[in-house]
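Reminder, nothing fancy here: chain letters follow the sequence lines and each chain counts from 1. All values reported here derive from a predicted model rather than from experimental measurement.
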Number of protein chains: 2
Amino acid sequence: MLSTREKILQTAEALLSEQGIASTSLREITRHAEVNLAAVNYHFGNKQQLVFEVFQCRLDALNNERLQLLDEVIGNSDKISLEAVLRALIYPALMLSRDTEKGGSRFVKLIARLYAENNKELHTFLANHYGHVMKRFAITIQTILPDMPSQELRWQLDFVIGALTYVMADFSGHFSKSGKPKLDAISEADRLVAFAAAGMRSFQPRSAQTDLFVATDNKTQQTTTNQT
Amino acid sequence: MLSTREKILQTAEALLSEQGIASTSLREITRHAEVNLAAVNYHFGNKQQLVFEVFQCRLDALNNERLQLLDEVIGNSDKISLEAVLRALIYPALMLSRDTEKGGSRFVKLIARLYAENNKELHTFLANHYGHVMKRFAITIQTILPDMPSQELRWQLDFVIGALTYVMADFSGHFSKSGKPKLDAISEADRLVAFAAAGMRSFQPRSAQTDLFVATDNKTQQTTTNQT
DNA sequence: GTCTATACAATGATAGAC
DNA sequence: GTCTATCATTGTATAGAC
């Protein structure tokens, strides 16, 4: 027999990721879980905390898988390829987002919903649970691309995470009326890996990079890089 | 004197993008706008429609600016550079997201919040208001990179839009406790343009692309491209 | 057509009994 | 730990004034 807390957590994950946060009432959750309404407040404090805890376990599992893959990549060869590292970052996430059996795809949509809330609590929450993972990836990549300033690397990692989040949440179809033929997770991940790797490798110290742009009469092209 | 409808729209934009959708009640909006609560339902039907209309004018302005820039790029030279095209896509959005004076940055956060709702109405809404813009960019890029299959181009454009959305909403700081020194919009846009251009140019027909990956025992690397 | 006052069901949250 | 009862607030709907 599951504890009241567990019953709430499992029911909440299913309902929240299926219907969204705002559209799922605590009463609906407790009714399906066959527990009392007040039990939510007793065990989790309020609705937001419940939502956080719902995906915390999933988030930890995802990041652990990423780190394990990264360890394998580092351990298996002394010359690490950039693609392999990016793969360790991207694959687990995209596989999870395409896994309908264990509810992974629903969970991913829940993450996307949470993203948009964009509040302070979520900020610190993500910093605590994602921060060390991103840092490890950044450090590893820096051994592969030693000429890239660490700040530049962080921006580029943001680009990659942004693109990943976007395709994970399946926003992709939004811009075409017809929709788009689905690709399997592997192919889609491979494409993103190749795209990201090329983008990262393209970096070269400022100067030769801006010639190609067509000039607009905006502010002058001041580009100060404060770091080596 | 502003019409009731206008007062609601302006107040709603400010409050919604500042506090989020769920946290802003219709009563708060009407109180600040000094109009009656029922006026919202009369003029907009319901809360969701109000939210849509709030950013519709902003969205149109953004896309018109993009298309105008694209026209300039196409008109000014017979050999169009990929960077210039991506710039027309990225610059207006990133400039808007960094414009605190005219409320652009707040508006951008509102977009990000809406993204996560991920409902059917928003899907068709975005298809109607973004679809033709993306199509024009895709067509233009295809003249620059004629060897890229149009499907591949759509995925890559999704990657770019994803990365753009991410940095626009300023999610960037989420993964580090310390935060990150802000860059001006121009520099950040230039970085994303260079990153995206390199990623797009990196495409080459399947086969030579997968060698570098570390093998996992997942599904075989089936990648069918049904389109030229 | 435009606006107002009012009512209603549902929600998240809490206090207190057991 | 669990439950009942209750609260203020929410989005929405309607009837009627101008």
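In terms of the side-chain contact (heavy atoms from CB on, under 4.5 Å) criterion, residue partners of A:Ala12 (sequence neighbours excluded) are, by chain and number, A:Leu16, A:Ile29, A:Leu50, A:Val54. Annotation: side-chain contact (heavy atoms from CB on, under 4.5 Å) contacts of A:Ala38 (sequence neighbours excluded): A:Asn36. Under the side-chain contact (heavy atoms from CB on, under 4.5 Å) criterion, B:Asn46 pairs with B:Gln48, B:Gln49, not counting sequence neighbours. Taking A:Asp99 as the reference, nothing meets the salt bridge (charged side-chain N to carboxylate O under 4.0 Å, His left out) condition, with sequence neighbours excluded. In this structure, B:Asp60 has no salt bridge (charged side-chain N to carboxylate O under 4.0 Å, His left out) partners at least two apart in sequence or on a different chain. Among residues two or more places apart in sequence or in another chain, the side-chain contact (heavy atoms from CB on, under 4.5 Å) test is passed with A:Glu6 by A:Leu2, A:Ser3, A:Leu9, A:Gln10. A search for salt bridge (charged side-chain N to carboxylate O under 4.0 Å, His left out) contacts involving B:Arg66 returns nothing, not counting sequence neighbours.
Contact check of residues 36-43 of chain A against DNA chain D (heavy atom, cut-off under 4.0 Å) returns A:Asn36, A:Ala38, A:Tyr42, A:His43. Residues of residues 25-33 of chain A that place a heavy atom closer than 4.0 Å to DNA chain D do not occur.
Atom-to-atom, CG of B:Leu50 to P of D:dT10 comes out at 15 Å; the value is rounded to the nearest Å. Taking atom CG on B:Asn46 and atom C1' on D:dT12, their separation rounds to 9 Å, with Å as the unit.
Identified under the salt bridge (Lys or Arg N to Asp or Glu O under 4.0 Å) test for residues 48-58 of chain B, with sequence neighbours left out: B:Arg5-B:Glu53, B:Glu13-B:Arg58. Under the salt bridge (Lys or Arg N to Asp or Glu O under 4.0 Å) criterion, no residue pair touches residues 19-33 of chain B, with sequence neighbours excluded.
The pair B:Glu34-B:Lys7 does not meet the salt-bridge criterion, since no charged nitrogen lies less than 4.0 angstrom from a carboxylate oxygen.
Here B:Ser3 lies out of heavy-atom contact (under 4.0 Å) with every strand. Heavy atoms of A:Ser23 sit nowhere under 4.0 angstrom from any nucleic acid atom.
Reading DNA chain C from its 5' end, the first and the last nucleotide to sit under 4.0 Å from a heavy atom of chain A are C:dT11 to C:dT14.
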